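Okay, so here's the structure we're looking at.
All ligand and atom numbering here is 1-based and tracks the order in the structure. As the structure is a computational prediction, the values presented were derived from the model and not from experiment.
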Amino acid sequence: MSTDHLNIEFKLHPVPNRLLSRNPPPHVNSIEQYKKLYKESIKNPTEFWGKLANELLTWHTPFKTVLSGGFEYGDVTWFREGQLNASYNCLDRHAIINPDKVAIIYEADEPDEGRKITYRELLHDVCRFANVLKAHGVRKGDIVTIYMPMVPEAAIALLACARLGAVHSVVFAGFSSDSLRNRILDASSKFIITANEGRRGGKTIHIKKIIDEALTECPGVKRVFVFRRTDSSVPFSSPRDVWWHDEIEKQRPYRPPEIVNAEDPLFMIYTSGSTGKPKGVLHATGGYLLSVVANLKYVFDYHEDDIFGCMTDIGWAVGHNFIVYGPLTNGGTAILFESTPVYPTPSRYWEVVAKHKITQFFTAPTAIRLLRKFGREYVDSHDLSSLRVIISAGEPINPDVWEWYNEVVGRSVCSVIDNYWQTETGSIILAPFPGVTATKPGSVTFPFFGIDIAILDPETGEEIKTTEAEGILAIRQPWPSIARTIYNDHNRYLDTYLKPYKGYYFTSDGVGRDRDGYYWIRGRMDDVINVSGHRLSTSEIESALIMHPATAEAAAIGVDNELKGQCVHAFVNLKSDHNTEIEDLVLQVRESIGPFAAPEKVYIVNDLPKTRSGKIMRRVLKKIVDGQTDSIGDLSTLANPEIVDILIEKVKHS
Ligand code: ATP
Ligand code: MG
């Protein structure tokens, strides 16, 4: 892989005036200040994070040791003598000073059915429900599985667990009963928090039914707490199931927080399963909370009166960080969005932005590609003038899609923040800062504080020290929110992240650093395509394909080829009212990258296999093209299983 493959002219976008001229100014407001703070954070992490931990969090017992342990033994700890409670940091300390401030704006599936919840109300609700959990036997350290639709009670459930020092394990409420069962068993959960039904995009999701199916083979589950989201009645199994609304009636709206050690786990969460069986990673209370509160403040430039709109589900790491823990630890106001970007129309996001005057808007590339496919008329008629920072994460955002987001949604006056991280990193690894970083579409720019990036040669494992470099993205020293283990499988943790390259955290993603020091995520190392000795990343081929005006989205894979080692096959989904010849798409890649990268085959398709969080699962495409459909791998996280047979047929007949 080399940075000059792509002949796209990368326009440097300066920091928009809207941020430069703002009062109050961004928390970090010059590249010099960023560089100075970054250098300090790497040279002296103990001092840097120690100071920030006291500034941004409230501790019940102060810590003495900031960082101990490291990658060699996988024994990292942060703030080890410190004691705190996450729900106290999210709620009490703000409710005491500012009880009437809105903490959560619930934007319900039907646009007129939402409500606002103040810090006082949220604290009451969390305490009441924590008392319910306690009354039914939930204790510090118990793992509670949460399988909830996007209602405020989902956030209340997380925080009630945190209040008791119980460990939540949220499973996205779109997963099947099998996937849910595996996660309940893997975590040995005795308690489940759920709802009778959910509503999404005007449709009903039969949540309790899925729970009941999952629990047929989970004898360890003692209690299921059921929130009533709709009026429908559902089968109830007594005494296992109890109604949320009945139980909270009995409880007082205060419960003292259980003070936990900084290293006690706050939650476990499963990775997206893009590359294989999902990993249940465990996050520690103190370090996680600190990294996330710092992300919100610096990377998204969060200020007191901001309305933070992260349009994801609480079931993903992004939702944990940027719907619940980040905004609330900062005393902010967060949007909790129950619907989809296209319900009732593809204008929904922009209606929500205008209605609540959202200042920071966060979504994933898959949603941006979808809305771009519908066209800008759905965006243009809305007042988006409240927006200051627009954010993307989860997958590479192709430069053309970035430009669309910037121009159409951000009207070229907002900072576009493409941020790279992983469920396991717990917080942001690479991202620009609003008010600081001139951006290049498709680049995640520079590392966050405390993230000491190394680029390793995939063959030798040696670090590449030149400014311009291509290789494996690795991290040299621990940061506060790094996952501490994979639940019940510390050896898998060591094998996956710490053993592949001794002394480094291994991300398994490919990365490039250009001559200006900007970082470019190339996609998964496993997906790198080697054509006649040229190492090509999936993201650069896909970025070229998406430059074609007819392309809505694209996926590239490497297929074994006798002559070249590997050749490129591409799957392209066209915009609805567009058509094109395959030769044109191939030409686009030839011209953007070079003849060697030209796809040998292009399949025009209506959809691509995606995880439930919207990521393209290239490994499924590869298996289909390789004809290995009987060993296709873990499909439990695949959102659209029907696509597999359609694609098998498609590939067979082309
Ligand atoms: P699994 O680990 O189970 O295979 P996953 O890696 O998709 O699934 P996540 O933790 O949700 O699970 O996603 C992290 C990955 O998503 C990163 O390793 C990277 O490949 C990709 N990613 C996230 N954000 C970005 C971004 N801004 N740009 C490019 N890639 C990104
Ligand atoms: Mg991963």
**Asked** Of the protein's non-hydrogen atoms, which lies at the shortest distance from atom 24 (N) of ligand 1, and what is that distance?
**Response** G394 N, 3.0 Å
**Item:** is_close_aromatic(Y505, Y497), centroid dist under 6.0 Å
**Value:** yes
**Request:** Using a strict 4.0 Å cut-off to heavy atoms of K615, name the atoms of ligand 1 that fall inside it.
**Result:** 7 (O), 9 (P), 11 (O), 13 (O), 14 (C), 15 (C), 16 (O)
**Item:** Nearest-contact summary for atom 4 (O) of ligand 1 - protein heavy atom, Å
**Value:** T275 OG1, 2.4 Å
**Request:** Answer yes or no on whether K440 is positioned over the face of Y518, meaning its NZ or CZ is under 6.0 Å from the six-membered ring centre and within 45° of the axis.
**Result:** yes
**Message:** Going by side-chain contact (heavy atoms from CB on, under 4.5 Å), name the residues that satisfy it together with D186, two or more places apart in sequence or in a different chain.
**Reply:** M268, Y270
**Message:** Which of the numbered atoms in ligand 1 are under 4.0 angstrom from any heavy atom belonging to T271?
**Reply:** 1 (P), 2 (O), 3 (O)
**Prompt:** Among R524, Q422, E424, which one has a heavy atom closest to atom 6 (O) of ligand 1?
**Reply:** R524
**Item:** Close-contact set for ligand 1 against D509 heavy atoms, below 4.0 Å
**Value:** 17 (C), 18 (O), 19 (C), 20 (O)
**Request:** Tell me, please, which residues at least two apart from Y504 pass ring-ring contact (aromatic ring centres under 6.0 Å, His included).
**Result:** none
**Request:** Answer yes or no: does an N/O atom from T507 fall short of 3.5 Å to an N/O atom of ligand 1?
**Result:** no
**Item:** Close-contact set for ligand 1 against N419 heavy atoms, below 4.0 Å
**Value:** 24 (N), 26 (C), 27 (N)
**Message:** Can you confirm, on distance only, whether ligand 1 has an N/O atom lying under 3.5 Å from any N/O atom belonging to K277?
**Reply:** no
**Request:** Check each atom of ligand 1 against the heavy atoms of K279 and keep those under 4.0 Å away; list them by number with element.
**Result:** 1 (P), 2 (O), 3 (O)
**Proximity of W350 and F361 rings by center, below 6.0 Å** = yes
**Item:** Heteroatom proximity flag, P278 to ligand 1, N/O under 3.5 Å
**Value:** no
**Message:** Need the ligand 1 atom indices (1-based, order shown) with element for anything under 4.0 Å from a heavy-atom of T423.
**Reply:** 9 (P), 10 (O), 11 (O)
**Message:** With heavy-atom distances below 4.0 Å as the criterion, list the atoms of ligand 1 near D418.
**Reply:** 26 (C), 27 (N)
**Asked** When you measure from the side chain of N321 to the backbone N and O of G426, does any donor-acceptor pair fall under 3.5 Å?
**Response** yes
**Message:** For atom 28 (N) of ligand 1, what is the closest protein heavy atom, and at what distance to 0.1 Å?
**Reply:** E395 O, 3.3 Å
